[in-house]
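Counting starts at 1 for both ligands and their atoms, in listed order. The model shown is predicted, which means the values in this text are computed figures rather than measured ones.
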Amino acid sequence: MSVVTELGYLGLSVSDLAAWRAYAAEVAGMEVVDEGEGDRLYLRMDLWHHRIVLHADGSDDLAYMGWRVAGPQEFAAMQEKLSAAGIPFTVGTEAEARERRVLGLLKLADPGGNPTEIFFGPQVDTHKPFHPGRPMFGKFLTGSQGVGHCILRQDDVEAAARFYELLGLRGSVEYHLHLPNGMVAQPYFMHCNERQHSVAFGLGPMEKRINHLMFEYTELDDLGMAHDVVRAKKIDVALQLGKHANDQALTFYCANPSGWLWEFGWGARQAPSQQEYYTRDIFGHGNEAAGYGMDVPLL
Ligand code: MBD
Ligand code: FE
């Protein structure tokens, strides 16, 4: 049985690399690494070579997501599982694996058409302490929980759920949200480790592949500091500070330089072993800046 263990890395296509460099460092506190290639920057959140690559190729959307498997045996077993399920994939060449700083790489697409990669063996720079882009009280919460979570575009939620189940994630609908138009939004959340969800979908049609990336600080004060910076820079906030019912993280959502959202968080609980659903959040998460695909009433 081969299952993915974490959302390990993301590639983002961006048009304004300079704006992203400033946002990642000064707003989020990530370490920006420029290796002089000219067409990309790396964002570090821990000891990995990178968790995020910013590719300056202009589409301002998700470029790819990387899901980790434990090692070479799991990597081979995953290929057998995908083949048996009739899911097409290509095995990354040595050059492609080196580009991602991994030992082994598969490339495929999820049912929504989102470029998806499965890898093992990330380059971990244990010799290079994490150095935040601005002073931080603590760290980014990664480790066995991976980068964070994403909400993705999926036209067919059932197909998406079956695909991510095959990869080894579990989950279900976790909210029934009554919309002003009388419809009920039923977002679907899936996990593969203690992080309450690593991927979610089912919030309706989306312009981009990705609605948001959530990442988490270990210290509440870092979330507060980020919030102060966002307010001082007058960056659009789509959802105000609030606490989700499912992961119970304190979060807010603000625009990134590509015009989609980063959800800054702290204090999430771990995934419970049995499914639950909710009809609203615990507090906050008021809707503020509209037009970011998060105009859903969570309260
Ligand atoms: C989340 O992380 C989220 O983005 C939404 C919309 C609801 C619950 C948890
Ligand atoms: Fe989220």
Salt-bridge present (Glu165, Lys81; N to O < 4.0 Å) | no
For His149, is at least one N or O under 3.5 Å away from an N or O on ligand 1?
-> yes
Under 3.5 Å, is there a donor-acceptor pair between the Glu117 and Tyr9 side chains?
-> yes
Flag for Thr279-His178: side-chain donor and acceptor within less than 3.5 Å = no
Lys/Arg N to Asp/Glu carboxylate O, Glu6 vs Arg68, below 4.0 Å = yes
Atoms of ligand 1, numbered as shown, that sit under 4.0 Å from any heavy atom of His212 = 4 (O)
Numbering as shown, the atoms of ligand 1 that approach Met294 to under 4.0 Å (heavy-atom distance) | 6 (C)
Does a donor on one side chain sit under 3.5 Å from an acceptor on the other, for Asp281 and Tyr175?
-> yes
List-wise, which protein N, O or S atoms are found short of 2.8 Å from the Fe ion (ligand 2)?
-> His149 NE2, His212 NE2, Glu263 OE1
Single-linkage hydrophobic cluster, 4.5 Å side-chain cutoff, Ile52 and Trp67 together = yes
Should you measure from each heavy atom of Glu263, which atoms of ligand 1 turn up under 4.0 Å away?
-> 2 (O), 4 (O)
With heavy atoms of Asn246 as the reference, note each atom of ligand 1 found under 4.0 Å away.
-> 8 (C), 9 (C)
Using a distance-only test with no angle check, is there a side-chain donor-acceptor pair under 3.5 angstrom linking His131 and Glu31?
-> no
Which ligand 1 atoms does Tyr253 reach within 4.0 Å, using its non-hydrogen atoms?
-> 1 (C), 2 (O), 3 (C), 4 (O), 5 (C), 6 (C)
